[in-house]
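Keep in mind the model is a prediction, meaning the values are calculated, not measured. Both backbone and side-chain heavy atoms feed into the values below; hydrogens, waters and symmetry mates do not.
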Amino acid sequence: MNKFHLVLAVLLAALAGCLGALAADRWSNNDAEGSLHQFVHDELSLTADQEQRLDALEARFAVEQARLEASARAANAQLAQAMETEHEYGPEVSAAIDEVHARMGDLQKATVRHVFDMREILDPDQQLQFDRKVSAALTRDPRD
């Protein structure tokens, strides 16, 4: 394996690690109008009960998110080890990539469940505004 292939393999491993973060970012981090959480807190005129329920949801999700992100980092470490061992796209690298994708999928699924849990707290008018915000966040060009 020449140096070009090794550099390419390392770059691909880094890219795989970033994909999970990007998936979560599409749901929870800043877009042009602010984060989804910030939008819910600042724009939807929540009742005290809704605020309390949302705070509890967010606290639970923060724990789950941290666990899933740690799992994704561990999968990326396994991928790096497989790449270092095989120095080519072999069966260990392939299996490690599948594991990275599975962990990224777990994080994305948990994030989507959390978004639906947040939505459930809202009244019908708030849900309409929330749905529009989610749709805009998921369909916007990330380069904007």
Go through the structure and list residues passing side chain to side chain donor-acceptor pair (under 3.5 Å) with [X], not counting sequence neighbours.
X	answer
T85	Q81
H41	E51, E58
D55	none
D123	none

key: Contacts of type salt bridge (Lys or Arg N to Asp or Glu O under 4.0 Å), residue R113, not counting sequence neighbours   = E64
ask   = For R60, what residues pass the salt bridge (Lys or Arg N to Asp or Glu O under 4.0 Å) criterion, not counting sequence neighbours?
value = none
query = Does the side chain of R53 come within less than 4.5 Å of L46's, by heavy atoms?
reply = no
task = Answer yes if L128 and V134 sit in the same cluster of Ile, Leu, Val, Met, Phe, Trp and Tyr residues linked by side chain heavy atoms under 4.5 Å apart, and no otherwise.
result = no
Heavy-atom pair of closest approach, residues T111 and F61 = OG1-CZ, 3.6 Å
ask   = Do you know the tightest heavy-atom contact between F130 and M118?
value = CE1-CE, 3.9 Å
Could you give the distance from [atom1] ([X]) to [atom2] ([Y]), rounded to the nearest 0.5 Å?
X	Y	atom1	atom2	answer
Q127	D125	CD	CG	9.5 Å
L44	Q50	CG	CD	8.0 Å
M104	L68	CE	CG	13.0 Å
L79	E84	CG	CD	11.5 Å
D98	R103	CG	CZ	10.5 Å
L54	D49	CG	CG	11.0 Å

task = Would you check if the side chain of S135 reaches a backbone N or O of D131 as a donor-acceptor pair within less than 3.5 Å?
result = no
query = Is the backbone of E86 close enough, under 3.5 Å, to the side chain of E92 for a donor and an acceptor to pair up by distance?
reply = no
